[in-house]
Student: 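Can you keep this structure in mind? I'll have questions shortly.
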Amino acid sequence: VQLQASGGGLVQPGGSLRLSCAVSGFTLPYYYAIAWLRQAPGEEREGVSCMNGSVSGSEDTTLYADSVKGRFTISRVNAKNTVYLQMNSLKPDDTAVYYCAAVLFCGENFIRDAKGVAYWGQGTLVTVSS
């Protein structure tokens, strides 16, 4: 299993970025939920968002950390086996290394504790600064 994250960079406050996570080794939406986590300098890793996928897509469930609700959106394109994190209205506090991961289940416990990761992708750095 491999998860390849990309799309990070430098953006001004209020700006947007879209992160991508290309998945190989298993087919979305089966087997694992997909999550985004982040780790800021000197901070613990935290759950940002996760998605339990459904075959039809109409029953997908998504969760977000309170700090990003209304600003970030997780989505997926099954045909590309890729998950995205659209980040809008970015703030300096969003500066961190962002990781995508395959997790056993997307639930409130994951968002709170950032545990249950089965496979990690490499990180991509997001810097929000003027």
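Only heavy atoms go into these numbers, but all of them, side chains included; no hydrogens, no water, no symmetry mates.
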Student: Between atom CG of L85 and atom CD1 of I74, what is the distance when rounded to the nearest 0.5 Å?
Tutor: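 Atom-to-atom, L85:CG and I74:CD1 are 6.5 Å apart.
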
Student: I need the L125 CG to L10 CG distance, nearest 0.5 Å.
Tutor: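 Taking CG in L125 and CG in L10, the distance rounds to 9.0 Å.
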
Student: On the 0 to 90° scale, with breaks at 30° and 60°, tag the F72-Y98 ring pair as parallel, tilted or perpendicular.
Tutor: tilted

Student: Between R71 and S89 (side chain of the first, backbone of the second, donor and acceptor by atom type, cut-off under 3.5 Å), is there such a pair?
Tutor: yes

Student: Is a donor on one side and an acceptor on the other found under 3.5 Å between the side chain of S49 and the backbone of L63?
Tutor: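 Checking the backbone N and O of L63 against the side chain of S49, a donor-acceptor pair under 3.5 Å is found.
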
Student: Could you tell me whether Q2 atom CD has more than 12 heavy atoms of other residues or ligands within 6.0 Å of it?
Tutor: no

Student: Could you check whether R45 makes a cation-pi contact with Y99, meaning its NZ or CZ is under 6.0 Å from the centre of the six-membered ring and within 45° of the ring axis?
Tutor: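 Judged by the rule (NZ or CZ under 6.0 Å from the ring centre, within 45° of its axis), R45 counts as positioned above Y99.
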
Student: Starting at CZ of F110, measure out to NZ of K115 and round the result to the nearest 0.5 Å.
Tutor: 12.0 Å

Student: Are the side chains of P13 and P92 in contact, using a 4.5 Å heavy-atom criterion?
Tutor: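 The answer is yes; the side chains approach within 4.5 Å.
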
Student: Do you know the tightest heavy-atom contact between I34 and V103?
Tutor: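 Taking every non-hydrogen atom into account, N-CG2, 4.4 Å.
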
Student: Could you report the tightest heavy-atom contact between C50 and G107, atom names first, then the distance?
Tutor: SG-N, 4.1 Å

Student: How long is the straight-line distance from CE of M51 back to CH2 of W36, given to the nearest 0.5 Å?
Tutor: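 The CH2 atom of W36 sits 11.5 Å away from the CE atom of M51.
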
Student: Is it the case that the side chain of N88 and the backbone of S16 share a donor-acceptor pair, with hydrogens and angles ignored and the cut-off at 3.5 Å?
Tutor: no

Student: Taking T95 for its side chain and D93 for its backbone only, find out whether a donor-acceptor pair lies under 3.5 Å.
Tutor: no

Student: About how many Å separate CD of Q39 and CG of L37, when rounded to the nearest 0.5 Å?
Tutor: 9.5 Å

Student: Is the side chain of E108 donor-acceptor paired with the backbone N or O of R112 at a distance under 3.5 Å, no angle test?
Tutor: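 Not a single qualifying donor-acceptor pair exists.
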
Student: Looking at every non-hydrogen atom in both residues, tell me the closest pair between A101 and L3 and how far apart they are.
Tutor: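 That would be C-CD2, 3.9 Å.
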
Student: Taking it one step at a time, do R38 and V126 satisfy side chain to side chain contact (heavy atoms under 4.5 Å, CB included)?
Tutor: CA-CA 9 Å; R38 67 185 181 186; V126 172; over 6 Å; no

Student: Looking at K69 and D66, does any basic side-chain N land under 4.0 Å from a carboxylate oxygen?
Tutor: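 Salt bridge flag = yes for D66 with K69.
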
Student: With no hydrogens and no angle check, do the side chains of R18 and Y84 hold a donor and an acceptor under 3.5 Å apart?
Tutor: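 The answer is no; no qualifying pair exists.
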
Student: Do N52 side-chain atoms and C106 backbone N/O form a donor-acceptor pair below 3.5 Å?
Tutor: yes

Student: Evaluate V83 against L28 for side chain to side chain contact (heavy atoms under 4.5 Å, CB included), listing each step before the verdict.
Tutor: CA-CA 9 Å; V83 177; L28 297 173; 3.7 Å; yes

Student: Is Y31 reachable from F105 through a run of I, L, V, M, F, W or Y residues, each pair having side-chain heavy atoms under 4.5 Å apart?
Tutor: no

Student: Please find the pair of heavy atoms, one from T124 and one from A5, that lie closest to each other, and give the distance.
Tutor: CG2-CB, 4.3 Å

Student: Can you tell me how far the CZ atom of R76 sits from the OG1 atom of T62, to the nearest 0.5 Å?
Tutor: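 With rounding to 0.5 Å, CZ (R76) is 11.0 Å from OG1 (T62).
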
Student: Please report the closest heavy-atom contact between A114 and G47, naming both atoms and the distance.
Tutor: CB-N, 3.8 Å

Student: Looking at every non-hydrogen atom in both residues, tell me the closest pair between G8 and L19 and how far apart they are.
Tutor: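 Looking at all heavy atoms of both residues, the shortest contact is N-CD2, 3.6 Å.
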
Student: With a 6.0 Å cut-off on ring centres, are Y32 and F26 close enough?
Tutor: yes

